[in-house]
Amino acid sequence: MSEKDPYAENPVIAWREGGIVAIDQTLLPDEVRLLRIDTVDDLVDAVVRLAVRGAPTLGAAGALGVALAAHQARRSGWSASRLKAEIGRIRDARPTAVNLRVGVEEVVPALADGPEAAGRAAVAVVDRIAAANRRIGERGADFLVEACGRRPLRIHTHCNTGALACVEWGTGLGVIRSLHERGLLDQVIVDETRPLLQGSRLTCWELDLVGIDYRVVCDGAGPFALQQGLADAVVVGADRVAANGDVANKIGTYGLALAADRAGVPFVVAAPESTIDPATETGASIVVEHRAEEEVTHFRGIRVTPAGARALNYAFDVTPADLVSAVVTEDRVWTPRS
Ligand code: MRU
């Protein structure tokens with residue numbers, strides 16, 4: 001970790017004095033600012049505008065959100081049905097990442113014992129989410145050394161799957177950091193990840209923090225970089241993995257999986273068990289979030305299309321299981337296509 005560990009003072013997300021604190025990821029890489037979240041409105045707003053984002057971190061937000069709602073209910077004298085409705089707003093704030101729902105559902109049973117009990121249950125969920133990432137990282141690194149050989153590897157990644165997205169360490173970026181720790185990482189290729197640039201803003205920031213060498217590419221260059229043999233493997237995260245192994249992840253992942261298959265390099269999905277959704281049979285039933293057209297027609301507030309242009313803004317895509325070499329979790333390596 002470079003000289004100043006930003007997480008020491010600013011946790012990615014945490015419970016603090018009856019409320020939530022979280023790094024505002026929309027301000028990175030230029031500013032590390034901690035948000036104070038004391039109401040359900042504030043939390044839903046932070047989730048919807050991606051100040052708090054990334055599947056495992058959304059799981060933590062869901063868990064902490066139940067405790068937050070319980071405290072607000074007591075402060076505001078909410079009825080049980082009002083509390084239930086407010087918790088439903090948190091659960092449904094974004095549709096694709098199953099972790100948000102899982103986090104909420106893990107803490108709701110603790111409500112019967114009061115807001116403090118819900119707070120303790122939520123903190124336990126957050127600690128478990130954080131602890132799983134190291135195991136994912138090590139298991140993923142083992143898989144890649146097996147698949148690619150014991151040598152410094154070049155890894156291509158998409159979106160942000162580091163501590164910011166996972167509370168600590170990271171899933172996809174956790175695998176990359178585990179390789180780095182072992183001296184088995186050469187370089188990382190990072191897709192910028194339009195339209196909100198989670199790759200160029202967040203992943204590059206995290207890689208700088210730990211002194212890992214990388215090159216950022218525009219998303220359109222990703223498949224060509226693979227064709228040119230610039231990477232030994234692709235490692236990404238996931239927002240929902242269906243029972244058959246189809247994977248929903250940030251828009252642009254599917255194209256990278258096709259290019260990896262064509263280039264004959266492993267395409268590895270790193271995700272906690274909580275991202276695997278047995279209730280979703282195949283990718284066809286995964287709800288893909290559509291976001292505001294302005295995220296595509298404008299860049300940092302500047303319109304980049306003719307006035308009145310319309311856009312399609314898929315936030316995620318679905319990669320079929322037959323393009324996935326392995327789904328690596330804290331407990332197993334699952335190879336859906338074999
Ligand atoms: O819209 P975002 O930034 O929340 O999307 C995040 C991703 O798609 C990540 O790859 C995924 O959540 C896995 S994070 C470990």
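First listed ligand is number 1; within each ligand, the first listed atom is number 1. As a basis for the values below, the full set of heavy atoms in this structure was taken, side chains included, without hydrogen atoms, waters or symmetry mates.
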**Q** Taking only heavy atoms of G54 into account, list the atoms of ligand 1 that are under 4.0 Å away from them.
**A**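 Those of ligand 1 that fall under 4.0 Å from G54 are 4 (O), 12 (O).
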
**Q** With respect to atom 10 (O) of ligand 1, which of N249, V52, V236, T253 exhibits the smallest heavy-atom separation?
**A**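 Considering heavy atoms of N249, V52, V236, T253, the nearest to atom 10 (O) of ligand 1 sits in N249.
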
**Q** Just checking, any donor-acceptor pair under 3.5 angstrom between side chains of T329 and D331?
**A**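 No pair is found: no donor N or O on one side chain lies under 3.5 Å from an acceptor on the other.
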
**Q** Heavy-atom contacts with C166 under 4.0 Å: which atoms of ligand 1 show up? List them by number with element.
**A**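 The atoms of ligand 1 under 4.0 Å from a heavy atom of C166 are 15 (C).
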
**Q** Can we say E181 and R177 salt-bridge, meaning some charged N sits less than 4.0 Å from an Asp/Glu carboxylate O?
**A**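 R177 and E181: not salt-bridged.
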
**Q** Counting from 1, what ligand 1 atoms have a heavy atom of Q198 closer than 4.0 Å?
**A**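 Those qualifying, in numeric order: 1 (O), 2 (P), 3 (O).
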
**Q** Between P336 and G245, which heavy-atom pair has the shortest distance, and what is it?
**A**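 In this case the closest contact between P336 and G245 is CB-CA, 3.9 Å.
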
**Q** Please state which protein non-hydrogen atom is closest to atom 7 (C) of ligand 1 and give its distance, to 0.1 Å?
**A**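 The answer is D239 OD1, 3.3 Å.
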
**Q** Tell me the nearest of G237, A165, G170 to atom 14 (S) of ligand 1, using heavy-atom distances.
**A**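 Looking at heavy atoms only, A165 sits closest to atom 14 (S) of ligand 1.
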
**Q** Hey, which of V40, V47, D45 is the one that makes side chain to side chain contact (heavy atoms under 4.5 Å, CB included) with L43?
**A**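 Single pass found, and it is V47.
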
**Q** Could you say whether the N/O atoms of N160 and ligand 1 ever approach to under 3.5 Å?
**A**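 So ligand 1 has no N or O lying under 3.5 Å from an N or O of N160.
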
**Q** Show the atoms of ligand 1 that are less than 4.0 angstrom away from any heavy atom in F316.
**A**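 Contacts of ligand 1 toward F316, numbered from 1: 1 (O), 5 (O), 8 (O).
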
**Q** What atoms of ligand 1 come within less than 4.0 Å of a heavy atom belonging to R94?
**A**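 Those of ligand 1 that fall under 4.0 Å from R94 are 1 (O), 2 (P), 4 (O).
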
**Q** Flag L58 as yes when one of its N or O atoms lies below 3.5 Å from any N or O atom of ligand 1, and as no otherwise.
**A**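 So ligand 1 has no N or O lying under 3.5 Å from an N or O of L58.
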
**Q** Tell me, which protein residue and heavy-atom name are nearest atom 15 (C) of ligand 1, and how many Å apart are they?
**A**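 Of the protein heavy atoms, T171 OG1, 3.0 Å lies nearest.
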
**Q** To check your reading of the model: name the closest protein heavy atom to atom 5 (O) of ligand 1, its residue, and the distance in Å.
**A**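 Protein heavy atom with the smallest distance to atom 5 (O) of ligand 1: K250 CE, 3.2 Å.
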
**Q** Distance under 4.0 Å to a non-hydrogen atom of L50: what atoms of ligand 1 satisfy this?
**A**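 Near L50, meaning under 4.0 Å from one of its heavy atoms, ligand 1 has 1 (O), 3 (O).
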
**Q** When only distance counts, is H158 in polar contact with ligand 1, meaning an N/O pair under 3.5 Å?
**A**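 No: no nitrogen or oxygen of H158 is under 3.5 Å from one in ligand 1.
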
**Q** List the closest protein heavy-atom neighbour of atom 3 (O) of ligand 1: residue, atom name, distance to the nearest 0.1 Å.
**A**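 Sorting protein heavy atoms by distance from atom 3 (O) of ligand 1 puts R53 NE, 2.5 Å first.
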
**Q** What atoms of ligand 1 come within less than 4.0 Å of a heavy atom belonging to A55?
**A**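 Ligand 1 atoms under the 4.0 Å threshold to A55: 12 (O), 14 (S).
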
